[in-house]
Amino acid sequence: MTARHPRDGDPLDREMDEALALANESQGQGPEPPGTETEEDWADAALNLANGRPAPSARERGPDSPDSPDDTGDAAGAGVDWVETALDLAHGWSADQRPTRDGTGADGAGRAEALDAWSSPSRRPGEYSRRRSPGKPMSEGTGAAGMRSRAPAPQTPPPHPKRAPGPTSRPHPPPSHQPMNEPHHSPTSWPDARAIAARAAVKEAAHAAPVMRPLSEALGQVLAAPLEALTDLPPFDTSAMDGWALAGPGPWRLPTDEENQDHRGILAGHGETAPLPDGHAVRIATGARVPPGATAVLRSEYGTDAGDGWLHASAAHPVVLGQDIRNRGQECRSGDQLLPAGALVTPALLGLAAAAGYDELPTVRRPRVEVLILGDELLTEGLPHGGRIRDALGPMVGPWLRALGAEVMGTRRLTDEADAVYAAVAESSADVVVTTGGTAAGPVDHVHPTLRRLGAELLVDGVAVRPGHPMLLARLAAGNPEPPTRPARHLVGLPGNPLAAVSGLLTLAEPLLRTLTGRPAPAPGPAPLAEAVQGHPRDTRLVPVTFRQDAAVPLRFNGPAMLRGIAVADGLAVIPPGGAKRGTEVEVLDLPWSATVTEQLSHADQTSRGTDRARHGTDRARHGADGTGRGTNRTSRGTGRASQCTDQVSKGTDRAGKGTDQVSKGTDRAAKGTDPAAQRTPRANRNQRTDRPVARGDAEDISPREGPA
Ligand SMILES: Nc1nc2c(c(=O)[nH]1)N[C@H]1C(S)=C(S)[C@@H](COP(=O)(O)OP(=O)(O)OC[C@H]3O[C@@H](n4cnc5c(N)ncnc54)[C@H](O)[C@@H]3O)O[C@H]1N2
Ligand code: MOO
């Protein structure tokens with residue numbers, strides 16, 4: 001699905017994405033990235049780093065420079081944008097010097113407005129866009145058939161001119177054979193896109209009825225209601241030790257043989273026993289119900305039964321009132337809230353729920369998701385051949401969505417035919433349809449036309465993020481062809497470039513599914529960068545990182561079409577427009593790998609029992625113990641991962657060492673409360689599951705009367 005009309009998009013943006021990827025890989029040889037400095041600096045640095053050479057002055061370069069952009073295949077026309085501007089600035093070209101796509105110079109009449117922008121090279125990209133994009137964004141009523149955009153005004157500078165709306169009044173539904181898509185309009189900022197995705201399905205989530213699941217099938221689900229204790233815990237006064245239950249001060253009279261029908265004394269599981277008279281003792285086991293009248297428990301190693309019918313406490317261990325008795329209700333009283341709605345059902349929660357009297361749990365219904373893979377060029381097996389490549393997203397997206405809490409109904413591969421895509425989306429019974437590929441504006445990119453034919457509402461149409469900017473989120477109308485009573489469905493359009501698809505998963509699918517699965521938002525997890533990362537001047541970048549000593553180390557192979565970096569990553573660092581210097585605390589998005597591992601373990605465990613029931617249970621447990629897994633993920637950060645990534649990272653220990661310095665400085669500052677980053681949760685402290693509200697029952701509560709074990 002790669003054939004494109006030359007006027008449709010941003011090949012130069014993509015070229016710059018690749019340049020950014022290369023720049024990161026070769027930072028050791030290049031200048032420090034400019035951070036938030038000028039766009040010209042950024043363009044210079046990116047290009048030099050990408051080309052692996054020191055930065056010459058702009059005047060040293062000319063139109064014959066090897067990094068000339070004239071091989072990009074982009075038509076000029078509406079195609080002028082900040083990247084071209086940056087390239088020209090980097091090359092020292094003026095507008096009329098800049099080579100055109102056909103190599104003949106300025107492009108003629110259609111170019112006039114664009115050329116106007118070149119006359120002031122110090123202008124920022126938004127200014128060019130503003131001058132050349134007088135039209136309203138599509139969201140303000142461009143009349144694209146059936147499509148409305150709710151995307152708020154972007155925080156980033158105004159849109160790329162190619163995405164600025166043109167006249168889009170088109171009859172509804174448009175013809176399915178429409179060869180070319182509408183131009184993109186203004187991208188939504190990355191934070192706004194995530195916020196919109198998180199809010200998009202609030203109504204649907206609220207109306208979904210909880211599903212009662214037996215404890216054996218509830219692992220990895222989310223509680224749909226608070227977990228309230230159905231009993232006191234412990235439910236009765238309990239002996240904490242093997243020994244004797246005592247009444248009053250000693251020595252204590254032991255039962256005679258006649259009285260002591262069971263020489264083992266009171267065992268766990270026995271019903272209520274006769275009251276213990278003052279001055280008497282009786283053998284008792286750990287977990288047994290303490291008899292009425294007992295005032296303490298004496299551990300077997302602290303007392304002596306001399307065989308004369310009397311029990312003596314050792315002088316070294318004087319008996320304290322109530323010692324080694326766990327009082328009824330010490331952990332909770334019946335009706336206490338143990339965990340809030342939204343808590344992830346972990347193995348520990350299952351244990352607690354059982355202790356508190358539950359046989360089954362009310363869980364949030366998992367959203368049903370269908371994955372549609374678009375692209376005639378994709379092979380499902382064997383080696384790439386004849387211009388065709390392996391489908392990397394089919395095997396990846398479904399499991400990723402499961403890890404995010406979805407029930408994946410299936411993954412279908414579709415041909416690049418408009419009607420096939422339309423039919424698949426229209427007929428899907430999924431709550432969320434996730435497509436891959438076809439989001440751009442080429443002749444066989446059918447996602448936008450399909451949404452138009454369906455009268456979908458575009459909530460996000462392009463995001464100011466690299467990679468992944470063509471990603472989209474739409475609400476599919478609940479009317480025809482569906483029954484009107486049906487809740488709205490959503491569609492997440494992931495771009496075809498594999499890392500761009502990952503970016504879409506984390507930017508749009510994760511917040512959408514988080515709402516639909518009732519999970520709380522993860523606490524922000526900033527980490528200091530072990531090295532500087534080049535930024536895009538206008539868009540957020542998501543860069544695969546691994547952790548070394550809690551600093552985020554950017555990984556190589558982070559180009560839009562590459563998965564090699566993300567495959568060894570611990571997370572995706574959120575690099576703000578303009579870039580980030582070494583030591584800067586940046587947000588790092590977690591990857592749900594460990595949940596997938598949990599799924600596999602669960603699967604292995606269940607299938608070894610070989611029952612249908614087990615298969616069912618595995619399916620249900622599939623998205624795994626997110627929270628517990630995260631802890632594991634984080635603790636492994638400084639150890640195994642670090643060695644694994646030695647050849648992944650572009651810098652030696654020197655840089656990382658400096659990064660570590662920055663970490664400790666950051667920590668110091670945070671401790672003093674002077675650093676704004678201290679407002680957020682440092683990643684190092686996040687093993688404590690800050691993403692889950694703390695309920696009363698979370699607090700450790702050890703009876704002061706229970707001695708040390
Ligand atoms: N003229 C323009 N062309 C492109 C633009 C643009 O703005 N203007 N944006 C580029 C960017 S950025 C991306 S990302 C892609 C998104 O395009 P689509 O979502 O329409 O995806 P495709 O064209 O179908 O595929 C893009 C690329 O990815 C490969 N691909 C697709 N699916 C898979 C898969 N399942 N497994 C592995 N690889 C896949 C496909 O072969 C293409 O190479 O558009 C750019 N173009
Ligand atoms: O390169 Mo695209 O940004 O991969 O989305």
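Counting starts at 1 for both ligands and their atoms, in listed order. As the structure is a prediction and not an experimental result, all values here were calculated from the model. Quick note: numbers below take in every heavy atom, side chains included, and nothing from hydrogens, waters or symmetry partners.
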Point to revise | Non-hydrogen side-chain atoms of L499 and N497 separated by less than 4.5 Å | key: no

Practice item. Answer yes or no for G394: is there a heavy-atom contact with ligand 1 below 4.0 Å? Key: no

Exercise for review: Before giving the answer on side chain to side chain donor-acceptor pair (under 3.5 Å), spell out for D376 and T415 the whole-Å C-alpha distance, their side-chain angles and the decisive distance to 0.1 Å.
Suggested key: CA-CA 5 Å; D376 283 346; T415 57; 4.9 Å; no

Exercise for review: Find all atoms of ligand 1 within a distance of less than 4.0 Å from any non-hydrogen atom belonging to A392, and give their numbers and elements.
Suggested key: 34 (C), 36 (N), 37 (C)

**Study point:** Geometric N/O contact H469 with ligand 2, under 3.5 angstrom
**Key:** yes

Point to revise | Sub-4.5 Å side-chain heavy-atom contact between Q534 and R541 | key: yes

Check your understanding: ligand 1 versus D445, non-hydrogen atoms closer than 4.0 Å: side chain, backbone, both, neither?
Key -> side chain

Check your understanding: With distance as the sole test, does R194 use its side chain to make a donor-acceptor pair with the main-chain N or O of L506 at under 3.5 Å?
Key -> yes

Review point. Looking only at heavy atoms, is any part of P495 under 4.0 Å from ligand 1, and if so is it the side chain, the backbone, or both, or is it neither?
Key: both

**Study point:** Among T439, D391, I389, closest by any non-hydrogen atom to atom 20 (O) of ligand 1
**Key:** T439

Review point. Are the side chains of H448 and D461 in touch, meaning some heavy atoms are under 4.5 Å apart?
Key: yes

Check your understanding: What residues, two or more places apart in sequence or in another chain, satisfy salt bridge (charged side-chain N to carboxylate O under 4.0 Å, His left out) together with R388?
Key -> none

Review point. Side chains of H490 and D431: closer than 4.5 Å at any heavy-atom pair?
Key: no

Exercise for review: Mark up the atoms of ligand 1 that fall under 4.0 Å of a heavy atom belonging to A500, in ascending order.
Suggested key: 14 (S)

Practice item. Check ligand 1 against R390 and write out every atom of the ligand that is under 4.0 Å from a heavy-atom position of the residue. Key: 36 (N), 37 (C)

**Study point:** Enumerated ligand 2 atoms positioned under 4.0 Å from heavy atoms of P467
**Key:** 3 (O), 4 (O), 5 (O)

Check your understanding: Which of the numbered atoms in ligand 2 are below 4.0 angstrom from a heavy atom of P470?
Key -> 5 (O)

Point to revise | Per-atom contacts, ligand 2 versus G468 - under 4.0 Å to a heavy atom | key: 2 (Mo), 3 (O), 4 (O), 5 (O)

Review point. Mind checking whether L513 and V369 have side chains closer than 4.5 Å, heavy atoms only?
Key: yes

Exercise for review: Output yes when the distance from some N or O of ligand 1 to some N or O of G496 is under 3.5 Å, and no in every other case.
Suggested key: yes

Review point. Which of the atoms in ligand 1, numbered in the order shown and given with their element, are less than 4.0 Å from a heavy-atom of E377?
Key: 31 (C), 40 (C), 41 (O)

Check your understanding: Taking the side chain from R390 and the backbone from L383, do they hold a donor-acceptor pair closer than 3.5 Å?
Key -> no

Point to revise | Under 4.0 Å to a heavy atom of A440 - the qualifying atoms of ligand 1, by number | key: 17 (O), 18 (P), 19 (O), 20 (O), 44 (O)

**Study point:** Residue part near ligand 1, for L378, under 4.0 Å between non-hydrogen atoms
**Key:** side chain

Exercise for review: Select one of side chain, backbone, both or neither to describe which atoms of H469 lie under 4.0 Å from any atom of ligand 1, heavy atoms only.
Suggested key: side chain

Practice item. Mind checking side chain to side chain contact (heavy atoms under 4.5 Å, CB included) for L378 and listing every partner two or more places apart, or none if nothing turns up? Key: I373, I389, D391

